[in-house]
Every structure is written in C-alpha cells, then in structure tokens.
Student: 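Take a look at the following structure, please.
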Amino acid sequence: MKVNYVSIYKVLLYPVIVLNLFKVGVVAELPTLISSLTLFIIYLSQKNKKQFQHGWIISFILLEIILFITQYERLKTFNPSNMTNFDVFNLYGGVYYLLFCFPLYEIISDDRQSFFKVIEKICIITLIIKTGIWIGYNFFNVNMDIFKSVIRPTWNRSLFGLNLTRVSGTFLDSIIVPYVEVKVLENRRKTTVLEFLFLLFYLVVITQTRMYLVATVVSFVIGYLFWSKGQINRHAIYALSLMSVLVLLILGRNMFRGFLNSFSVDSIEGGSTSTRLYEWSYYSSLWRSRGIWLGFGYQLDYTLFGGIRYYLSDLGITILLFQFGILGFLISIIPFTKGIFLSLKCLMRSFDTWNLLFVVISSYMLINILYMSPYIQTGYFFIPIYIALTLYTYDYNR
C-alpha cells in the first residue's frame, strides 16, 4: 500500500496552525514542537519527496540554530530581564518552527489551490471568532476570551468617539489578505468582495492598526499594476475604482484625516508614534553599548525604564538589528530578501496568476514586517509558510 505523505502532513499540520492562531501558551507550544519534529522525521524518511535545489534554506536554519545558542550563552553575562529558561524557550525558542517549511513545501507542490482554500477557511473562521469576542467585550461587557489570548484590556484606541479595546490579527493575515486581493482582481464575485470587505473591516476597525491598512492598499495597487499587464484596460480601471470606493467608505473623510494625523507625535492620536520614537532611542542606545555585531540579546518583550514601558515588538523587524546585532539581522532577513528578489523577477515576467499572488504576498509582507516582526512569538509560523511559498515559486519559474 502506497503511503500518502502529503495527507499525513496535512493531518499533523493543520490542527497545529489552528492552535497557533490563538497562541495559548504551552497548550500550543508543546504540540507545535512535537508536530514539527515528527513531520521533519517523516519528511526525511519519505523516499519520493520533491527535490529542491536551494541550499540557502539549510544554511539559514543552521545559522538560526547557531544564533539561538550564541544568544542563550550570552544571557549568562547579561540578563537584565532576569529571564528564566522557560522565558527564553517560550519567546525565542521557535527555531523548530522552521522545520515546517519542508512538509509545507510538499503540500503546496502537491496541490497549492487546496492548501490556500484550507488556510483561507481557517483564517476567516478564526477572525470571525475574534470578531465575536471583540463585540462581546466592547459592547456587551462579556469576556468570552477563555484562553486569555485575544483580549488585552490596556490595548485601547478611540474610534468613532468610542474607546474600544483592540484585537490583533493573525500570522495568516499576511497570506490570506493578499490571496483574497488576487481573487478580487481575478473574478470579482460577490462572495469574494464580501470576504474582502470583512477583512478590511477587521484590519481597520478591530485591529485599528494603520500599517495593516497601508500594506493592504499598497499590495493591492502593486498587484493591480502587474495584473493589468495581461488584462483589458477597463477591467483594471474597474478594480482600482472598487478599491478606492471601499477605502473611502470605510475610512470616511474625518477618519482619514485622523489616520494621517495619527502619525504626528504632536497629535492626540499620535501616542503610539511618539512611544515608538522613545523605544527606538532606548533600544538603539542599548545596542551600541552592548555591541553592534551581536546586539543586546534576549530580553522580555517589555522593559520598564524611567517609569515608561518599552516594547520590543513595537519596532517591527528593526528590533532584530538592535537585539541580535548586524550578524543576527543579516541572518534573520535571509528568507525575506530571497522572496523580495524573486518577486522582482516575477514582475519582469509576463502575467501569471501564481506569480501575481507571490508578488502581492511579498509586497504585503515587506510593509507588514516594518510594523510587526515575524520573529515574535505570535508570528513565527508565517516564516516557514513564506519560505515554502518561495521555494515553490523558484520551482514554478524554472
């Protein structure tokens, strides 16, 4: 009887993705660790696995392991956060997530359409559940966040005159938002448009994260420019007009003005911007004092200094430079630089739906990581998915 390895990968992988979408501490970490090691062992034993000619991924994983060991050892001489071993492995021990890129590569190579349909459903259902939790907490004073992983009572922002507690997105957003954008460009069905409207509502109203909206708009425009190369001009105009109307309807004139004003440190809404400037100054100073090549190393996500709480996660991928130095930063951005350069090559080719999707995903990712580093605990799963997509796109264009 022939073993269907791809089916095994799906059975062991998809439930772990669901667990990580809600990130419920050890409840998610332990099954993720077991699943990653099990899947990697199965992958190594697979006789007819798809061969890829990309040695950089092996080098990248080995360098990440060396970086983890190096920074762990440095904690013995500099540990201002008094991190325990549990803290280190919980926040920074996600190197094993990278092992998922191999079974993911097999799954995508076997049937990429099926893969996207499954994770699309998983993502949308998750966001609907989070929306329900958000509505219950903000409008009915009911906290349905049973795992304490969705609601953060202190994460508030004013919207339409209401002080609302925000809810974060997921690591799948950077895959599914571009995927739905491409579907809007390709077929413009009512269900697809409604799905896109829901995602836009979630990003603008529920997360209230400005960079998510910027990433959505920019990636859509880039996708439209690439898509229009192979389409009749009137279709391109229709798509661009649709996007413009959606943004204007959701933001509104006053909200759009507030959105732009929120980037100013002098505005009432600009608190997060000014806080990030303080965080930049604090962490860059610590980086220079500890050594620019290896950075200041592992710390808890927040630090109290001068009565102010500074968050590592606020500085996006830039924090990797401060935390792990020039060497660690160059190692960490390897998969993203590979993907960006591959996207540029795709843009130079004639129009193709898969290349269009990869370009839009890479565009969204490039903007998103400026705001939120994928190396934080809640976003690590995005990295092996993006690596697998990159490996497949290399093969697709050979």
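Just so it is clear, the model here is predicted, and its values are computed rather than measured.
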Student: Given a cutoff of under 4.5 Å between side-chain heavy atoms of I, L, V, M, F, W and Y, with clusters grown through shared members, what are the other residues clustered with Tyr302?
Tutor: Tyr311

Student: Could I get the full list of side chain to side chain contact (heavy atoms under 4.5 Å, CB included) partners for Leu33, not counting sequence neighbours?
Tutor: Ser36, Leu37, Tyr96

Student: Give a yes or no on whether the backbone of Ser168 and the side-chain of Tyr202 come within a donor-acceptor separation of less than 3.5 Å.
Tutor: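 Judged by distance alone, yes, a pair lies under 3.5 Å.
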
Student: By side chain to side chain contact (heavy atoms under 4.5 Å, CB included), which residues pair with Ile376, not counting sequence neighbours?
Tutor: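 If we apply the side chain to side chain contact (heavy atoms under 4.5 Å, CB included) test to Ile376, skipping adjacent residues, the hits are Ser313, Met372, Ser373, Thr378.
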
Student: Going by side-chain hydrogen bond (donor to acceptor under 3.5 Å, both in side chains), name the residues that satisfy it together with Lys76, two or more places apart in sequence or in a different chain.
Tutor: Glu73

Student: Testing Phe100, Tyr92, Tyr97 one by one against Tyr380 for a ring-ring contact (aromatic ring centres under 6.0 Å, His included), which residue passes?
Tutor: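 Output: one option passes, namely Tyr97.
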
Student: Describe, in one word, how the ring planes of Phe68 and Tyr72 are oriented to each other, choosing from parallel (under 30°), tilted (30 to 60°) and perpendicular (over 60°).
Tutor: parallel

Student: Lys183: what forms a side-chain hydrogen bond (donor to acceptor under 3.5 Å, both in side chains) with it, not counting sequence neighbours?
Tutor: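 Lys183 satisfies side-chain hydrogen bond (donor to acceptor under 3.5 Å, both in side chains) with Glu120, Glu195 only.
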
Student: Can you list the residues that meet the side chain to side chain contact (heavy atoms under 4.5 Å, CB included) rule with Ile128, with sequence neighbours excluded?
Tutor: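 Counting only residues at least two positions away or on another chain, Ile128 forms a side chain to side chain contact (heavy atoms under 4.5 Å, CB included) with Ile124, Phe198.
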
Student: For Thr84, what residues pass the side-chain hydrogen bond (donor to acceptor under 3.5 Å, both in side chains) criterion, not counting sequence neighbours?
Tutor: Asp87

Student: Do the ring centers of Phe296 and Phe78 come within less than 6.0 Å of each other?
Tutor: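 No - the distance between ring centres of Phe296 and Phe78 does not fall below the 6.0 Å cut-off.
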
Student: Side chains of residues 327-346: which donor-acceptor partners sit under 3.5 Å, not counting sequence neighbours?
Tutor:
residue, atom, partner, partner atom, Å
Ser332, OG, Gly328, O, 2.8
Thr337, OG1, Ile333, O, 3.2
Thr337, OG1, Ile334, O, 2.9
Ser343, OG, Gly339, O, 2.9
Ser343, OG, Ser362, OG, 2.8

Student: Under the side-chain hydrogen bond (donor to acceptor under 3.5 Å, both in side chains) test, which residues partner Asn143, sequence neighbours left out?
Tutor: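 For Asn143, no residue satisfies side-chain hydrogen bond (donor to acceptor under 3.5 Å, both in side chains) once neighbours in sequence are set aside.
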
Student: Can you label the angle between the Trp134 ring and the Phe201 ring as parallel, tilted or perpendicular, going by 30° and 60°?
Tutor: perpendicular

Student: For residues 282-299, pull every pair meeting side-chain hydrogen bond (donor to acceptor under 3.5 Å, both in side chains), keeping only residues two or more places apart or in separate chains.
Tutor: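 Of all non-adjacent pairs touching residues 282-299, those that pass side-chain hydrogen bond (donor to acceptor under 3.5 Å, both in side chains) are Gln299-Thr303.
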
Student: Which residue pairs pass the salt bridge (charged side-chain N to carboxylate O under 4.0 Å, His left out) test with at least one member in residues 128-137, sequence neighbours excluded?
Tutor: none

Student: Closest heavy-atom contact between Gly169 and Asp173?
Tutor: CA-OD2, 3.2 Å

Student: Should the pair Lys49 and Tyr5 be classed as cation-pi, given the thresholds of under 6.0 Å to the six-membered ring centre and 45° from the axis?
Tutor: no

Student: Does anything in residues 99-113 pair up under side-chain hydrogen bond (donor to acceptor under 3.5 Å, both in side chains), and if so which pairs, sequence neighbours excluded?
Tutor: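 Qualifying pairs: Gln46-Glu106, Tyr105-Asp395, Arg112-Tyr392.
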
